[in-house]
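Here is how names work: the chains are called A, B, and so on, in the same order as the sequence lines, proteins then strands, and each is numbered from 1.
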Number of protein chains: 2
Amino acid sequence: MNETLDLTNGCESCPIKHRAVCARCDADELETLDGIKYYRSFEAGQTLIWSGDRMEFVGSVVSGIASLTQTMEDGRTQMVGLLLPSDFVGRPGREFATYDVVATTDVVMCCFRRKPFETMMVETPHVAQRLLEMTLDELDAAREWMLVLGRKTAREKIASLLSIIGRRDASLKLEGMVGRIVFDLPLTREAMADYLGLTLETVSRQMSALKRDGVIELEGKRHVTVPSFERLMDEAGDDADGGMMA
Amino acid sequence: MNETLDLTNGCESCPIKHRAVCARCDADELETLDGIKYYRSFEAGQTLIWSGDRMEFVGSVVSGIASLTQTMEDGRTQMVGLLLPSDFVGRPGREFATYDVVATTDVVMCCFRRKPFETMMVETPHVAQRLLEMTLDELDAAREWMLVLGRKTAREKIASLLSIIGRRDASLKLEGMVGRIVFDLPLTREAMADYLGLTLETVSRQMSALKRDGVIELEGKRHVTVPSFERLMDEAGDDADGGMMA
DNA sequence: CGCGGTCTTGAACTGTGTCAATTGCTGTGG
DNA sequence: CCACAGCAATTGACACAGTTCAAGACCGCG
């Protein structure tokens, strides 16, 4: 997943420095942050944080993908967030975690000790401002997802998920979001099901259906080719503009 | 809904001054806010803001209830937020609205002209800090709701909605959330359906079922009595603690 | 080669949606 | 005061999307 992730130079060479909570910080502020931060690696499948745990740190995903998950007593689980590089984990001012955070792929986190980070939030507006922006974006994403969960059919749900992942991937590679798109699914069928509020059987069936109908092509289980992104968007039931008026 | 809402004294007598975006502001800051604010009333059923509209203002719900709604081209709609008194409407830094905002009851809003409000956000940290807190709370609520939409049965969904409304109402009346609870539903069956990702027929059926099973009592369509709040929580499928570890 | 994942496919079942008829409530006008 | 219109809600019958349970395929790995 991460080719060569060089963290020895500190923030200078950090791959997420333009998008993370620290994106707005000046040199002084980065200095302060440097004093309270440390890196941690997690393997795919590992749980970074258990719901109910005391939070020792907050932090940013540097590389890899993690998921925020909620579980009911009887075992039903719902993924409530997909954490990509630069996304923020944890809530300043809250002592205990409310969700499980699980590494979907290998993950590297840039962690800040919680207490000093909270102090910094009050004293330096740049961190708080950036965090507000990021939180507003996540809120929008969550609400977007509520429409998917509440009103879309299984086929539309799958198409929605694929177009989100495809879009993210394209923007990462600086490609346009038109025509042919190729990417690897970072999620198992079960994780997809948990995200979409479906069973893994239904996910599998709908993936097969989309393949049969030529909306996607599959090599192996994870490698996806989308011949026409417009077609995929259409299947997702989104407006053609893809929420561009946002 | 609003007995006597006296707004002539400005912020002094404002019923939401402890919980709104302005809750942390000192006298000076309130002064500044006063210069950019105005009140607006809306009638039940009226649309305050259309998705895609240019946002002239952001602001707080002073009294009444509004809903945030998203609609697909074919008419399927999903409510993505319930706006109660003190809740914030609009997103600083965004020019166009992304959701419809509809008055569910008569509503009074305290509006701030957007541009000057945005300037203020940068200059006075108190507004931004409070907004961050509120946004984080809303994000949590949205994620909570994703579990409801994605994994709960129709019956559990109804019970979840009733317990949320009941809880809010109890805390407003400063009652405890145990044993007998009585409140009025501020939503039509259709609005409930839009919130829960169900049809209004299913909502109606499940309301009848909960009534038949003694979980709730109904007088007319809107007046609800919950003999045992614990029983209701149980039907909602939530842990007994009701998310107290948050 | 066989073993343990992950994924696919099938068949039967079921919860929720759909369509349609009916009830009940509220306010209006005769 | 009753009749009636108009709307919200209830109820029923049936259809169907998605779940459940179960069998098997695929694939990498010892």
May I ask you to say what R222(B) touches in the nucleic acid, namely base, sugar-phosphate or nothing, with a heavy-atom cut-off under 4.0 Å? sugar-phosphate
Do other residues, nucleotides or ligands put more than 12 heavy atoms under 6.0 Å from E190(A) CD? no
Side-chain contact test, heavy atoms from C-beta onward, threshold under 4.5 Å: evaluate it for I181(A) versus R167(A) and give yes or no. no
Side chain to side chain, V62(A) and M109(A), heavy atoms closer than 4.5 Å: no
Sub-3.5 Å donor-acceptor pair from the side chain of E156(B) to the main-chain atoms of T153(B), do we have one? yes
Taken to the nearest whole Å, CG/L187(A) to C1'/dT6(C) is 14 Å
R189(B) atom CZ is separated from dT23(C) atom C1', nearest whole Å, by 14 Å
Let's see if you get this right: which residues in residues 198-219 of chain A place a heavy atom under 4.0 Å from DNA chain D? L198(A), T199(A), E201(A), T202(A), R205(A)
Measure CD/E190(A) against P/dG4(C) and give the value in whole Å, please. 19 Å
Heavy-atom neighbours of R19(B) CZ exceed 12 at 6.0 Å: no
Of residues 145-162 of chain B, the positions that come close to DNA chain C - non-hydrogen atoms, cut-off under 4.0 Å: T153(B), A154(B)
Parallel, tilted or perpendicular: which fits the ring planes of Y195(B) and W145(B), with parallel below 30° and perpendicular above 60°? parallel
Mind running side-chain contact (heavy atoms from CB on, under 4.5 Å) on E235(B) and I158(B) for me, showing each step along the way? CA-CA 9 Å; E235(B) 291 285 355; I158(B) 301 281; over 6 Å; no
Can any side-chain N or O of D100(A) pair as donor or acceptor with the backbone N or O of S51(A) at less than 3.5 Å? yes
